[in-house]
2 protein chains.
Amino acid sequence: MEFKDAKNKFIQTWGALGSQWGINKTMAQIHALLMVSHEAVSMEDIMEELQISRGNASMNLRALMDWGIVYKEYKAGERREFFTAEKDLDELAVKISRERSKREIKPALKVLKEVSSITSDNTPEEKHFVDQTTKLYDFVLKADNVLDKMTEYKDNWLAKLVVKIMK
Amino acid sequence: MEFKDAKNKFIQTWGALGSQWGINKTMAQIHALLMVSHEAVSMEDIMEELQISRGNASMNLRALMDWGIVYKEYKAGERREFFTAEKDLDELAVKISRERSKREIKPALKVLKEVSSITSDNTPEEKHFVDQTTKLYDFVLKADNVLDKMTEYKDNWLAKLVVKIMK
DNA sequence: ATAAACTTTCATTTTTTATTGAAAGTTCAA
DNA sequence: TTGAACTTTCAATAAAAAATGAAAGTTTAT
């Protein structure tokens with residue numbers, strides 16, 4: 001396979017994977033492109049390479065920066081801005097976990113706590129509801145804490161985890 | 001809060017969370033409904049409660065059964081079918097991990113391996129591409145193996161994991 | 001073998017989500 | 001302070017995904 005084809009295939013695949021995980025395709029593609037670029041890329045070049053509009057590029061770059069996984073870079077004597085991706089995979093995983101926890105898991109926990117706290121009439125139906133949502137709350141909370149702990153390891157948590165869990 | 005409202009809020013929240021994770025809203029809602037129902041529910045009742053069409057209900061129930069997290073149940077003397085959800089959360093997590101691994105991670109690994117194996121001309125650009133995709137392959141493979149190992153614990157893996165990791 | 005009772009399929013429609021691109025905004029050098 | 005060089009915004013449009021519902025299919029009791 002040619003380098004150009006390989007690069008393209010990687011970007012497409014990463015984009016598709018993103019969609020399946022609730023991240024928009026272009027955002028994932030831009031990230032993929034930056035991940036495999038050995039130097040910072042201008043917005044113009046991103047537009048060109050992914051065949052997307054200026055607005056689209058701008059909005060998704062902004063989103064990626066909000067996630068903390070893409071950075072702006074300034075080059076001496078250049079007016080325009082260049083972009084690079086977080087390339088350290090441990091760091092990337094940590095940032096993604098933290099963001100998803102903050103944006104999705106935490107709000108879900110709030111709701112779970114709320115709905116599991118209704119004062120039940122103790123019909124079997126209501127008892128089961130309270131029981132099940134309480135269990136779910138505990139489970140999600142625990143899972144979220146694991147994620148949180150993992151991010152404390154930061155460097156190489158995954159390798160360490162593998163060692164522990166596979167022992 | 002009233003039971004009815006709590007139930008509804010739970011279903012809506014679960015549905016929204018599903019969308020954010022690339023699972024369609026109705027599918028997540030049906031699952032939520034079945035999770036908190038103390039007994040099996042007919043398709044008719046699912047349609048009624050979620051205000052969805054027969055076709056939609058049928059297709060999403062089928063998908064949930066393909067995922068192995070919803071089961072058909074037959075009641076003596078009843079022609080129609082009833083549905084229940086997997087309510088054991090450890091089991092649920094295991095099944096979801098396995099499916100997502102099979103459907104998404106494995107194919108992605110295949111592509112990563114492929115694109116990281118191009119015979120590089122050794123331009124800095126190509127070297128960086130090969131290097132980065134190789135790292136990504138290793139990382140994803142490791143993460144997938146962790147998931148896989150976790151499913152072997154099956155019961156209570158999460159609790160055990162918490163103990164290990166937080167020690 | 002038939003028909004009632006039910007479920008599934010899939011072409012069409014609706015809804016949701018993402019993209020475009022022109023206009024507005026910003027920054028910087030002179 | 002102006003204007004060239006760039007970026008961001010957002011209403012309009014396009015694309016993608018999900019839902020509908022009528023027709024086709026299946027199962028079961030008789």
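Every chain is numbered from 1 and lettered A, B, ... according to where its sequence line falls, protein lines coming before strand lines.
- Here A:Lys127 does not pair with A:Asp131 in a salt bridge; the nearest charged N to carboxylate O distance is not below 4.0 Å.
- The interatomic distance linking B:Asp66 (CG) with C:dT9 (C1') rounds to 14 Å, in whole Å.
- Separating the CG atom of B:Asp45 from the C1' atom of C:dC6 is a distance of 14 Å, rounded to the nearest angstrom.
- Side-chain contact between A:Lys7 and B:Phe129 is present, with heavy atoms from C-beta onward closer than 4.5 Å.
- B:Ile52 is not connected to B:Phe82 by any chain of hydrophobic side-chain contacts under 4.5 Å among Ile, Leu, Val, Met, Phe, Trp and Tyr, and they are in different clusters.
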Protein proximity profile, nucleotides 7-17 of chain D - base contact B, sugar-phosphate-only contact S, no contact -, cut-off 4.0 Å on heavy atoms:
BBBB-------

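- Under the 4.0 Å criterion applied to side-chain N and carboxylate O atoms, B:Glu2 and B:Lys4 are not assigned as salt-bridge partners.
- Protein atom CD1 of B:Ile46 is 14 Å distant from nucleotide atom P of D:dA19, rounded to whole Å.
- In this entry the distance linking CG of A:Leu50 with P of C:dA18 reads 16 Å, nearest Å.
- To the nearest angstrom, P of C:dT17 lies 15 Å from CD1 of A:Ile23.
- Under the 30°/60° scheme for interplanar angles, the aromatic rings of A:His128 and B:His38 are found to be tilted.
- In terms of position on DNA chain D, the residue among B:Asn60 and A:Glu78 whose nearest nucleotide sits closer to the 5' end is A:Glu78.
- With a 6.0 Å radius and a threshold of 12 heavy atoms from other residues, nucleotides or ligands, B:Glu48 has its CD atom at or below the threshold.
- A donor-acceptor pair under 3.5 Å links the side-chain atoms of B:Gln132 to the main chain of A:Lys87, judged by distance alone.
- Atoms CE (B:Met27) and C1' (D:dA18) sit 13 Å apart, rounded to a whole Å.
- Here the rule is side-chain contact (heavy atoms from CB on, under 4.5 Å) with B:Ser97, and of B:Leu92, B:Leu147, B:Val146 only B:Leu147 fits it.
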Could you encode protein contacts along nucleotides 24-30 of chain D as a string, one character per nucleotide from 5' to 3', using B for base contact, S for sugar-phosphate-only contact and - for no contact, with a heavy-atom cut-off of under 4.0 Å?
---BB--

